[in-house]
2 protein chains.
Amino acid sequence: MSSENPKRAIFEQFAAVARTLGSAPRLELLELLAQIDRSVEELAGLSGLTIANSSQHLQQLRRAGLVEARRDGKRVIYGLADRDIIALLGALRRITERNVGAVETVLKRYFRERDSLEAVSRKELIRRMRAGLVTVIDTRPAEEFAAGHLPGALNLPLRQLKRRLRQLPPEQEIVAYCRGAYCVLSYEAVAELRKRGFKAFRLEDGYPEWRAAGLPVERSATA
Amino acid sequence: MSSENPKRAIFEQFAAVARTLGSAPRLELLELLAQIDRSVEELAGLSGLTIANSSQHLQQLRRAGLVEARRDGKRVIYGLADRDIIALLGALRRITERNVGAVETVLKRYFRERDSLEAVSRKELIRRMRAGLVTVIDTRPAEEFAAGHLPGALNLPLRQLKRRLRQLPPEQEIVAYCRGAYCVLSYEAVAELRKRGFKAFRLEDGYPEWRAAGLPVERSATA
DNA sequence: CAAACATTCAATTAGTTTCTTGAATGAGAA
DNA sequence: TTCTCATTCAAGAAACTAATTGAATGTTTG
């Protein structure tokens, strides 16, 4: 680690960033932040970490230049430092998927029915949206929905799904999305809808990727 | 790390891959492999690691699905498992550069003259190549050059540079490239050429990125 | 100013990772 | 078979990282 070798010193910089990504809790925090900026307390709650622990992970992410913090009254709000970080996470996901069969295995084990894994690509979804063939539902909490969502999407958080089945067209195809490829909400929604006889699919990735691709989004009050 | 939480289990898979990237020696090995497949001994020599240590790092890279090994007689030859890994390393580099000023600082400190850092993009290089405005030199060792290089490039490894200055057109602009953005060879070549009065620039990135972008390459005997 | 609150800091403990050394494989050559 | 050589394995010491706890900081509110 001595800086006598400049090449090694540069690799050490890259390694430090990669090392920061090399922790499940920190990746989870990044995924939460890919959605919307949030306070420490919120992040701790959503990730299941203690507040102190979250704070420490967040500071590491900040030291690596991956997130930024700003103060808002009593709270400190964190957010991604750079939209490109979503691309980096995507690349990491792709490589991991391709190379480590275990990821798929874990998914399969959890979601028993292989069927519910069928995913629609963004491109395909856009085509079907244009043709008016599809109802798009956003399974994230109302707060995240309000901050931005796919055009024409219906906000249907998981907890409300059963109560609001009537609002869904029984004939039309339904595509559900959520925070990203491995956000469980949309998987669960699809499984539930299929059980009730709906033609439901999952969007291959989620809202952050949609927005990062420069596709149109809507902002609005909660549905 | 119990797998009771499937979401966490998935993030743990991603984290394991990222953690494998989080080590300067391993990133250096990957950079060497981005060029051409190589034996353990060769990698150890080029990276300055002991053989046993290289072997262990390589096995970690293999476990993470980043490299693959095949046997060739007495030796084991390693290579990148997947061309996309170059993209991942590129994304990591971009984020690190943008967010950690230290990288540039280290570079600056080493290459004193800020001037020699001026880089030409791939796109710009292609334009100038088409117009016949530029001499392209490849500063990598002959072996790597033979395995693939930019069309029309002249192989001029650093050690031969001084001896072969005559072969270079004194008027025309020269663009040097090597193994990637942080390969020191092309920096040194540019510094040397400028000292001698040539109009020399560095290609922003290197051969692996060129090839990964699907641009044409030549294979040939050593120049 | 003092109380309440969100976040951060500091110190400890437990668990990983790194590099080194020397011995063990396993393939090819004699 | 036996020798040689490239690579891998195994074990141990040193350095680093994560999570926990309780105290400290700094902001808003009364």
Side-chain angles (χ1 to χ4, degrees), chain A residues 1-5 8 11-30 32-33 37-64 66-79, chain B residues 1-2 4-5 8-9 11-30 32-33 37-64 66-79:
Chain A
M1 238 123 282
S2 71
S3 66
E4 49 174 302
N5 180 351
R8 198 44 78 74
F11 282 121
E12 189 44 53
Q13 300 292 333
F14 299 157
V17 174
R19 215 179 294 127
T20 305
L21 293 172
S23 138
R26 282 195 292 270
L27 288 176
E28 187 164 4
L29 292 171
L30 286 174
L32 291 166
L33 291 173
D37 295 359
R38 298 173 194 271
S39 69
V40 178
E41 189 179 29
E42 217 179 334
L43 288 165
L46 290 166
S47 64
L49 301 170
T50 64
I51 296 205
N53 199 5
S54 300
S55 171
Q56 288 181 176
H57 280 304
L58 288 165
Q59 280 166 274
Q60 282 193 60
L61 288 167
R62 192 171 50 176
R63 254 175 266 134
L66 295 167
V67 307
E68 279 167 359
R70 62 172 195 276
R71 198 160 198 129
D72 176 27
K74 268 187 219 172
R75 12 198 114 193
V76 175
I77 308 292
Y78 281 87
Chain B
M1 242 114 288
S2 72
E4 52 175 299
N5 178 352
R8 198 44 79 74
F11 283 122
E12 190 44 52
Q13 300 291 332
F14 300 157
V17 174
R19 217 179 293 127
T20 305
L21 292 173
S23 137
R26 283 196 292 271
L27 289 176
E28 187 164 4
L29 291 172
L30 286 174
L32 291 166
L33 291 173
D37 295 358
R38 298 173 195 271
S39 69
V40 178
E41 190 180 27
E42 215 180 335
L43 288 165
L46 290 166
S47 64
L49 301 171
T50 64
I51 295 204
N53 199 5
S54 300
S55 173
Q56 289 181 177
H57 280 304
L58 288 165
Q59 279 166 274
Q60 283 194 59
L61 289 167
R62 191 170 52 178
R63 254 175 266 134
L66 296 168
V67 308
E68 280 168 358
R70 62 173 196 275
R71 191 149 206 138
D72 176 27
K74 268 189 220 172
R75 14 199 109 190
V76 175
I77 308 292
Y78 281 87

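In the text below, chain A, chain B and the rest are named by the order of the sequence lines, each starting its count at 1.
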Nearest heavy-atom pair of [X] and [Y]: which atoms, and what distance?
X     : Y     : result
B:L29 : B:L61 : CB-CD1, 4.3 Å
B:G22 : A:R19 : O-NE, 3.0 Å
B:A64 : B:V17 : O-CG2, 4.0 Å
B:Y78 : B:L33 : O-CD2, 3.4 Å

Problem - Selection from D:dT8, C:dT17, C:dC19 that lies nearest to any side-chain heavy atom of B:N53 - result: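 The answer is C:dC19, which lies nearest to the side chain.
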Problem - Nearest-nucleotide pick for B:Q59, side chain only, options being C:dT8, D:dT8, C:dT20 - result: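 Closest nucleotide to the B:Q59 side chain: D:dT8.
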Exercise for the section: Give me the residues of residues 66-76 of chain B where at least one heavy atom lies under 4.0 Å from an atom of DNA chain D, by number, or none. Expected result: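 Going residue by residue through residues 66-76 of chain B, the ones with a heavy atom under 4.0 Å of DNA chain D turn out to be B:K74, B:R75, B:V76.
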Practice task
For C:dT8, take OP1 and OP2 only and decide whether either is under 4.0 Å from a side-chain N or O of A:S55.
Solution key: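 Checking A:S55 against C:dT8: at least one side-chain N or O falls below 4.0 Å of OP1 or OP2.
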Can you measure [X] atom [atom1] to [N] atom [atom2] for me and round it to whole angstrom units?
X     : N      : atom1 : atom2 : answer
B:R8  : D:dA18 : CZ    : P     : 13 Å
B:E41 : D:dC5  : CD    : P     : 11 Å
B:H57 : D:dC9  : NE2   : P     : 15 Å
B:R63 : C:dT17 : CZ    : C1'   : 12 Å
A:E42 : C:dA6  : CD    : P     : 13 Å
B:I51 : C:dC19 : CD1   : P     : 16 Å

Return the polar atom pairs (N/O with N/O) between nucleotides 10-15 of chain D and the protein under 3.5 Å, or none.
unit_1: D:dA10; atom_1: N6; unit_2: B:Q56; atom_2: OE1; d: 3.1

Restricting to side-chain hydrogen bond (donor to acceptor under 3.5 Å, both in side chains), what partner residues turn up for [X], sequence neighbours left out?
X     : result
A:Q60 : A:R26
A:R70 : A:D37
B:S55 : B:Q59

Exercise for the section: Sort and list the pairs that fulfil salt bridge (charged side-chain N to carboxylate O under 4.0 Å, His left out) and have at least one residue in residues 50-59 of chain A, not counting sequence neighbours. Expected result: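 Every pair satisfying salt bridge (charged side-chain N to carboxylate O under 4.0 Å, His left out) with a residue in residues 50-59 of chain A: there are none.
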Exercise for the section: Would you mind listing every salt bridge (charged side-chain N to carboxylate O under 4.0 Å, His left out) that reaches into residues 39-48 of chain B, with sequence neighbours excluded? Expected result: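 Only B:R38-B:E42 qualify under salt bridge (charged side-chain N to carboxylate O under 4.0 Å, His left out).
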Handout entry: Rounded (10°) bend between the five-pair end axes of the helix from C:dC1-D:dG30 to C:dA30-D:dT1
Key =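 The angle, to the nearest 10 degrees, is 30°.
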Problem - Contacts of A:S54 that satisfy side chain to side chain contact (heavy atoms under 4.5 Å, CB included) - sequence neighbours left out - result: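 With neighbours one apart ignored, the set is A:V40, A:A44, A:S47, A:L49.
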